[in-house]
Amino acid sequence: MKTNQVRIIGGQWRSRIVRFPDAQSLRPTPDRLRETLFNWLGQDLTGKNCLDLFAGSGALGFEAASRGARQVVMVEQDAGVYDALRQTQAMLRAEQVEMHRADAVAFLKSDTRRYDVVFLDPPFKQGWLVRLLPLLPVRLAPDARVYLEAEAGVAMPEGFEMLRKTRAGQVHGLLIKYGQS
């Protein structure tokens, strides 16, 4: 696969290519990790509301939309990356995808919706998870799942529980939830 493109691996847009520009800290979730994640989530996201806070390449958000998510809110701060996401949204005719060019923390503080699935794949080594995880509980629907990627193991903040974890090279993928089982 060429750099600057990823393939949607399941759902209505299976095998469609998503292209994205060069951008600092942009590292799309590899196929293997996405396959594992969507196996964990049950493949079919019909009726789910999803939030992709660091949309980047769009791999996670468009994959969720492809698998039937009712709504996917994608947040991206970089202007060039955001423009590429808008182009992909138009190409796929992804009407269930809502785009926001914004800072992740500011977006979480201003948004009032609740989500069934949240994708958190921030740039590594910048302290994003420490800032964002405490803001998430009020944005989570009952029994919501949060998928996060990190460069190392993540200490679970109070109230969060690790459900699954995997690793691909230097990337750790974790599925977590908030609240009691």
[X] with [Y], same ILVMFWY side-chain cluster at under 4.5 Å:
X	Y	value
Ile9	Leu175	no
Ile8	Met91	yes
Phe119	Val130	no

Measure across [X] and [Y] and return the closest heavy-atom pair with its distance rounded to 0.1 Å.
X	Y	value
Leu85	Met74	CD2-CE, 3.9 Å
Gln126	Pro123	NE2-CB, 3.5 Å
Gly61	Asp52	N-OD2, 3.1 Å
Val138	Leu135	CG2-O, 3.7 Å
Pro142	Arg114	CD-NH2, 3.6 Å

To the nearest 0.5 Å, how far apart are [atom1] in [X] and [atom2] in [Y]?
X	Y	atom1	atom2	result
Gln96	Cys50	CD	SG	10.0 Å
Leu45	Gln71	CG	CD	13.5 Å
Leu120	Leu53	CG	CG	5.5 Å
Leu108	Leu132	CG	CG	6.0 Å
Asn39	Arg164	CG	CZ	9.0 Å
Thr88	Asp83	OG1	CG	11.0 Å

Taking the side chain as every heavy atom from C-beta outward, state whether [X] and [Y] have any pair of such atoms under 4.5 Å apart.
X	Y	answer
Leu136	Leu133	yes
Leu129	Pro122	yes
Val6	Arg34	yes
Asp111	Val75	no
Thr112	Arg139	yes

Exercise for the section: State whether Asp143 and Arg145 are salt-bridged, where the test is any N-O pair (Lys NZ or Arg NE/NH1/NH2 against Asp/Glu carboxylate O) under 4.0 Å. Expected result: yes
Just by modelled atom types, is the [Y] backbone N or O under 3.5 Å from a matching donor or acceptor in the [X] side chain?
X	Y	value
Gln89	Met99	no
Arg101	Glu76	no
Arg67	Asp44	no
Glu149	Gly173	no

Problem - Set of salt bridge (Lys or Arg N to Asp or Glu O under 4.0 Å) partners for Arg131, sequence neighbours left out - result: none
So which pairs with a foot in [range] pass ring-ring contact (aromatic ring centres under 6.0 Å, His included), sequence neighbours left out?
range	result
residues 57-80	none
residues 29-50	none
residues 144-175	Phe160-Tyr178

Problem - Leu51 and its side chain to side chain contact (heavy atoms under 4.5 Å, CB included) partner, picked from Val118, Asp116, Val117 - result: Val118
Exercise for the section: With sequence neighbours left out, write down each residue that passes ring pair (Phe, Tyr, Trp, His ring centres under 6.0 Å) with Phe54, or none if nothing qualifies. Expected result: Trp128
Problem - Under the ring pair (Phe, Tyr, Trp, His ring centres under 6.0 Å) test, residues paired with Phe107 that sit two or more places apart - result: His100
Problem - Whether over 12 other heavy atoms sit under 6.0 Å from Glu35 CD - result: no
